[in-house]
Each structure stands twice: as structure tokens, then as C-alpha cells.
Amino acid sequence: MPSLIKNLEERGFIYQISDPDLDTFLETNNTSCYAGFDPSAGSLTIGHLIPIIGLMHMQNSGNRPIAVVGGATGMIGDPSGKDQERSLLSIETLRQNEAAVKKQLSKFLDFDSKTCGALLVNNYDWTGNYKYLDFLRDIGKHFSVNAMIAKESVKIRLESRDQGISYTEFSYQILQAYDFHHLWKTYGCRIQIGGSDQWGNITAGIDLNRRLGGEQLYGITFPLIMTADGKKIGKSEGNAIWLDENLTKPYVLYQYFIQADDRDVVRFLKLYTFLSMKDINDLEKCLEHEPEKREAQKVLAQEVTKLVHGERGLRAAESATRVLFGDEPIKNFDDDTLKAIFAETPSAWLPRNILTSGITLVELCVVSGFCKSKGEARRLITSGGLYCNNVRITEPDFMITKDQLASKSILILRSGKKRYFLIHLKD
RNA sequence: GGGGAGAUACCCAAGUGGCCAAAGGGAGCAGACUGUAAAUCUGUUGGCAACUGCCUUCGGAGGUUCGAAUCCUCCUCUCCCCA
């Protein structure tokens with residue numbers, strides 16, 4: 001059984017470690033480990049899954065995970081990785097996001113373990129009512145501006161002549177540093193993990209704790225996860241892949257991973273699943289010898305979907321996939337089945353009577369909003385890229401009548417291989 | 001304050017009186033090949049109509065001209081150099 005750090009290293013989690021002794025420290029100690037989550041949106045994305053899974057690994061090897069929702073830090077805005085000042089979110093939005101993020105995090109961690117049950121806390125609780133003057137005296141005094149402006153996140157903004165940085169964002173690192181100190185003092189938390197852009201904030205916390213006479217703290221950062229074609233992970237056609245099933249249906253999440261590039265899939269298996277290294281190596285061999293089976297992609301998609309949406313979500317995603325990639329004409333379905341399968345698909349609602357005398361395919365594409373103009377629709381159709389209920393139609397003036405319905409009131413358009421669109425008819 | 005350069009379609013960027021709905025590249029979208037991968041190749045990317053037709057578009061407003069993205073005037077903005 002490799003050590004926790006070796007294991008994380010092997011799985012590609014580790015970009016930087018603040019102190020090489022962390023490994024030996026963990027051999028003989030169990031501690032708590034925290035990761036912070038910024039409530040800047042109403043849901044986390046699969047990018048956030050990395051620190052979440054990091055916490056899970058920590059818990060699996062007997063350390064208490066602490067997930068911190070940034071109710072306080074979110075009010076300030078982290079300059080890390082941002083090349084311009086952020087606009088502040090309203091307090092209501094922030095509180096809503098906090099609640100949503102908290103709910104999501106709670107799904108991944110085990111709170112019932114007797115020895116290392118997870119904690120879910122909000123840094124607003126220990127920062128919100130700290131008096132400004134007291135904070136400056138107690139905490140601010142330990143920060144050297146010289147060191148603060150040397151941090152990468154600040155330096156970039158100071159060097160950029162037209163962007164600059166506000167005092168508010170400049171102060172951010174102090175708040176996050178204080179979090180780390182607070183969590184050490186309150187829960188004995190010795191480790192903070194985060195994305196590589198968090199390095200400066202993490203080391204600020206380590207320094208602060210030392211100045212305040214606390215124990216040695218440790219930090220680990222994860223690499224920025226990019227796909228082989230150079231995109232940041234978690235974007236599908238420019239849309240984020242959210243963990244909230246109302247924002248990103250399980251099927252879409254499943255598809256994102258099943259379409260993973262060969263060059264990425266092994267790396268993702270290590271990061272995003274809890275499969276043993278042996279299983280992953282087996283899948284890698286399979287990828288090498290029989291890439292067309294796409295066994296590795298399938299397992300990856302299954303594991304991640306199960307982790308995020310449970311068995312039920314996985315089943316829904318798989319049944320949708322069977323219909324969508326089955327190549328069979330979609331015919332004689334019932335409305336509810338199709339609605340379930342295509343729940344995430346963009347849709348339009350049209351009055352049923354447009355089909356009574358029929359409508360040309362071009363026309364339908366435009367009035368439903370599937371295509372922006374008739375020219376675009378015509379191009380798509382004549383180039384062979386349009387499918388109606390999985391059947392290719394190349395004649396722009398093909399008449400669509402109620403005979404073309406896939407179910408009682410649904411018609412399915414598709415452009416290319418993957419872009420589906422639903423037309424619902426209402427009476 | 002003085003001087004110079006520039007603003008073209010989603011982005012970069014050619015075009016400097018008609019042959020310009022506007023080269024080229026990127027990106028996008030489709031097709032072929034495939035494994036729902038990658039790479040490659042092909043087509044396509046203002047709107048309407050559809051056998052060569054019409055309308056809108058080259059920072060904004062005017063003007064010159066039979067005719068302008070292209071020339072002139074004013075305005076707005078961006079960049080550079082000198083104070």
C-alpha cells in the first residue's frame with residue numbers, strides 16, 4: 001500500500017508540495033485537510049471535482065476532510081488567476097450560492113465516520129464579525145506588504161498598467177491565510193489543498209500560522225487540468241459542465257467523458273475515479289491494443305457519472321446514450337420516454353396545427369429556432385448534416401407533417417452527429 | 001499640448017475608385033474517413049429569393065462621383081513617439 005502522498009502523486013494530483021516532509025508526517029499522523037470552494041456560482045463544476053476528490057482521498061486514508069465554503073472570501077474576490085478586477089456579487093446571490101455549494105459538497109464526503117467524519121464550514125462564520133481594527137492589529141500586523149506584492153497573483157496585476165488591483169482584492173490573501181490559521185487552531189487542520197493558482201494563498205496561511213506561533217502547516221496544489229487539445233477541462237462547446245443535474249444533465253456529463261481524447265483518458269481515470277492503479281493500467285493496455293472498443297472512456301464516463309449523480313443518474317445517461325447513438329429511427333415512442341431521454345436538449349414549443357397542412361423542413365428549422373436563417377438551414381440540409389428522428393433528410397423542401405412525429409407530440413431534429421433539438425407540439 | 005499610425009465580417013488580417021458580400025489565416029458548422037477519439041481531406045460561414053436577382057454591411061455623420069471599404073470634411077475611439 002503506497003503512502004497517501006505517493007498515491008496522489010502517482011494519480012497526477014500533485015503539482016507543488018510546500019514541504020517534502022509532509023509524506024513522513026502523514027506516515028505517523030492523521031490530521032485534517034481543507035480545501036476552499038468559492039461560491040461565485042450557483043453550482044460547482046467538474047473542475048472543482050479535483051479538490052473534492054483530493055479531500056476524499058484524504059478521508060480514505062484516515063484524515064478528516066474539511067470543506068470550506070468561502071462565504072467571506074467570496075465577498076472580496078480572489079485575484080489569483082484573474083487578470084482584471086472582479087465585480088462583486090450581491091449579498092443575496094452570494095448567500096444563495098453558498099447554500100447550493102454546501103449542498104453539493106455534502107454529497108461527496110462521509111460525515112458519519114467516527115474517526116474522520118467530514119466537516120463542512122463557512123469562513124464567514126469566523127470572519128464576518130471580526131472587527132476591522134481588531135483584525136488589522138491581530139492579523140494584519142503579521143503581513144509584510146513587501147511579501148504580499150511579491151505574490152504572483154498580485155504582481156501580475158501591479159505590472160499591468162491599465163488593470164491594477166483594488167485594496168479589496170489585494171487583501172484577499174490575508175483572509176484566506178487567516179482561514180488556514182483558524183482551522184488549525186479550531187480543528188488542528190495541518191494541510192490545505194487547492195488548485196495551482198492557490199499556491200500564494202496557501203503559503204500565506206502557512207507563514208501566518210508560523211508567525212502566530214502555530215505548528216508547521218502544509219500545502220499541496222494540483223496541476224491545472226487541460227485536455228490534449230489545450231482546453232481547460234469542463235467546457236463542452238463553451239458551456240461549463242456543472243455538477244448540478246438541473247444545469248447539466250447526467251447524460252451530458254456522461255457524454256463529456258465518453259468523448260474524452262485517447263491522450264487524456266488515462267490521466268482522467270487516475271484523477272476522477274477511485275479505481276486501483278492496477279485496474280487503470282489494465283484499461284490503458286486495452287486502450288493501446290483495442291482503442292476502438294473505447295473501454296477506458298466507457299469506464300471513465302460510468303465512474304464519474306456514478307460519483308456525481310449516483311446509480312440512478314448513470315442509468316438515465318446510459319439509456320439516453322443507447323437511443324441517441326443507436327442509429328435506429330426514433331419512431332413510435334411515447335412522449336414521457338423521449339422527454340426523459342432528451343431532458344437536457346434544447347427545445348422549442350410550436351402549435352400543433354402547423355403540421356396539419358405540413359411545413360417544409362427549412363421552414364421548420366427556422367421557426368423553431370434550430371437554425372438562425374433559411375440560408376443556414378438550407379446549407380445544413382443540402383450538405384447532408386440534418387437528421388429528423390435520426391433519419392437523414394437532404395431535401396430542403398421536404399414536407400414535415402404529423403407522420404414525421406417521433407411520439408405523440410415530439411419531433412427530434414439533429415445537426416451533425418451530436419447536436420440534438422426537440423420540437424414539442426402543443427394544442 | 002505637439003507629431004504620427006490606425007478602426008474591415010466571430011477573431012487576426014488583406015484590399016486604397018468599378019472585376020468587392022469583400023483575399024488569406026484562425027475559429028465555428030457540416031461532409032468523407034473513423035472508434036461518439038486524434039490527425040487528414042472537402043464544402044461552407046450577412047439576409048431574402050433562388051438558373052447568373054435584390055437588400056444590408058468595411059468606426060459614426062455628411063459630401064465628391066455615373067459608381068466608394070477605397071477620395072474629401074467633421075466627429076468618436078485606439079495605439080505609438082515627443083513635451
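First the proteins, then the strands, lettered A, B, ... as listed; each starts at 1.
With sequence neighbours excluded, the residues satisfying salt bridge (charged side-chain N to carboxylate O under 4.0 Å, His left out) with A:Lys306 are A:Glu303. Listed by chain and residue number, nothing satisfies the salt bridge (charged side-chain N to carboxylate O under 4.0 Å, His left out) test with A:Lys417 (two or more places apart in sequence, or in another chain). With sequence neighbours excluded, the residues satisfying salt bridge (charged side-chain N to carboxylate O under 4.0 Å, His left out) with A:Lys6 are A:Asp23. Remark: A:Glu318 engages A:Gln302 in a side chain to side chain donor-acceptor pair (under 3.5 Å) (not counting sequence neighbours). Partners of A:Tyr15 by ring pair (Phe, Tyr, Trp, His ring centres under 6.0 Å), not counting sequence neighbours: none found.
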Pair A:Gln198-A:Asn201, side chain to side chain donor-acceptor pair (under 3.5 Å): steps then yes or no: CA-CA 5 Å; A:Gln198 293 301 307; A:Asn201 295 329; 3.1 Å; yes
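With distances taken from any side-chain atom of A:Lys374 to the nucleotides B:rU36, B:rA49, B:rA32, the minimum falls on B:rA49. Among B:rA30, B:rU36, B:rA37, the nucleotide with an atom closest to any side-chain atom of A:Arg419 is B:rA30.
For residues 357-396 of chain A, the pairs satisfying ring-ring contact (aromatic ring centres under 6.0 Å, His included) are A:Phe370-A:Phe421, with sequence neighbours left out.
Phosphate proximity of B:rC33 to A:Lys417: absent, as no side-chain N or O sits under 4.0 Å from OP1 or OP2. Remark: A:Tyr387 is in phosphate contact with B:rG31, judged by side-chain N or O atoms under 4.0 Å from OP1 or OP2.
In summary, A:Arg95 and A:Glu98 engage in a salt bridge, as defined by a charged side-chain N under 4.0 Å from a carboxylate O.
Here the separation of B:rA83 from B:rU70, taken at their P atoms, is 36 Å to the nearest Å. For B:rC81 and B:rC11, the P atoms lie 27 Å apart once the distance is rounded to whole Å. To the nearest whole angstrom, the two P atoms, one in B:rC66 and one in B:rG15, are 28 Å apart. Rounded to a whole angstrom, the distance from the C1' atom of B:rU8 to that of B:rU78 is 15 Å. With both ends at atom P, the span from B:rA49 to B:rC55 equals 16 Å, rounded to whole Å. The gap from the C1' atom of B:rC29 to that of B:rG46 amounts to 16 Å, rounded to the nearest Å. When the P atom is used for both B:rG28 and B:rA39, the distance is 11 Å, rounded to whole Å. Using atom C1' as the reference point in both B:rC20 and B:rC58, the two lie 10 Å apart (nearest Å).
Using a 4.0 Å heavy-atom distance criterion, A:Arg414 is classed as making no nucleic acid contact. Residue A:Thr321 is classed as a base contact, given a heavy-atom separation below 4.0 Å to a base.
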Strictly under 3.5 Å: I want the nitrogen or oxygen pairs between protein and nucleotides 39-46 of chain B, one per line.
| residue | atom | partner | partner atom | Å |
| --- | --- | --- | --- | --- |
| B:rU44 | O2' | A:Arg379 | NE | 3.3 |

Write out a two-atom table: protein N or O, nucleotide N or O from nucleotides 50-55 of chain B, distance below 3.5 Å.
| residue | atom | partner | partner atom | Å |
| --- | --- | --- | --- | --- |
| B:rA50 | N6 | A:Arg378 | NE | 3.2 |

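Contacts between residues 293-306 of chain A and RNA chain B, defined by a heavy-atom separation under 4.0 Å, are made by A:Arg294, A:Gln297.
Inspection of the A:Thr360 and A:Asp397 side chains reveals no N or O donor paired with an N or O acceptor under 3.5 Å. Between the side chains of A:Gln96 and A:Glu92, no donor N or O sits under 3.5 Å from an acceptor N or O. If you check the side chains of A:Asp334 and A:Ser407, you find no donor sitting under 3.5 Å from an acceptor.
A cation-pi arrangement is not found for A:Arg190 relative to A:Tyr34, the charged atom failing to lie both closer than 6.0 Å to the ring centre and inside a 45° cone about the ring normal.
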Side-chain donor-acceptor pairs of residues 289-298 of chain A under 3.5 Å, sequence neighbours excluded:
| residue | atom | partner | partner atom | Å |
| --- | --- | --- | --- | --- |
| A:Gln297 | NE2 | A:Ala260 | O | 3.0 |
| A:Gln297 | NE2 | A:Asp262 | OD1 | 3.1 |
| A:Lys298 | NZ | A:Lys293 | O | 3.3 |

Determine all donor-acceptor pairs shorter than 3.5 Å in which one atom belongs to a side chain in residues 58-71 of chain A; sequence neighbours excluded.
| residue | atom | partner | partner atom | Å |
| --- | --- | --- | --- | --- |
| A:Gln59 | OE1 | A:Asp110 | N | 3.2 |
| A:Gln59 | NE2 | A:Asp110 | O | 2.7 |
| A:Gln59 | NE2 | A:Cys116 | O | 2.9 |
| A:Asn60 | ND2 | A:Met56 | O | 3.4 |
| A:Ser61 | OG | A:His57 | O | 3.2 |
| A:Ser61 | OG | A:Met58 | O | 3.3 |
| A:Asn63 | OD1 | A:Thr31 | N | 2.8 |
| A:Arg64 | NH1 | A:Gly117 | O | 2.9 |

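For the pair A:Phe370 CZ and B:rC29 C1', the computed distance is 11 Å after rounding to whole Å. A:Ile381 places its CD1 atom 15 Å from the C1' atom of B:rG31, with the value rounded to the nearest Å. Between A:Ile258 atom CD1 and B:rA37 atom C1' there is a gap of 11 Å when expressed in whole angstrom units. At whole-Å resolution of the value, CD in A:Glu292 and C1' in B:rU34 are 11 Å apart. The nearest whole Å value for the distance from the NZ atom in A:Lys418 to the P atom in B:rG31 is 11 Å. A:Glu376 places its CD atom 17 Å from the C1' atom of B:rA49, with the value rounded to the nearest Å.
Screening A:Leu364, A:Leu411, A:Leu355 for a side chain to side chain contact (heavy atoms under 4.5 Å, CB included) with A:Leu350, the sole residue that qualifies is A:Leu364.
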If you write RNA chain B from 5' to 3' in dot-bracket form, with Watson-Crick or G-U pairs under 3.5 Å, [ ] for crossing pairs and | for pairs with another strand, what do you get? ((((((((.[[[..)..(.....]]]((((((.......))))))(((....)))...[[[[[..)....]]]]]))))))).
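Classification of the A:Tyr178-A:Phe135 ring pair by plane angle, with boundaries at 30° and 60°, yields perpendicular.
With RNA chain B read from its 5' end, the first of the two nearest nucleotides for A:Leu386 and A:Leu287 is the one closest to A:Leu386. Place A:Asp261 and A:Gly375 on RNA chain B by their nearest nucleotides, and A:Asp261 ends up nearer the 5' end.
On a pure distance criterion of 3.5 Å, a polar donor-acceptor pair joins the side chain of A:Gln255 and the base of B:rU36.
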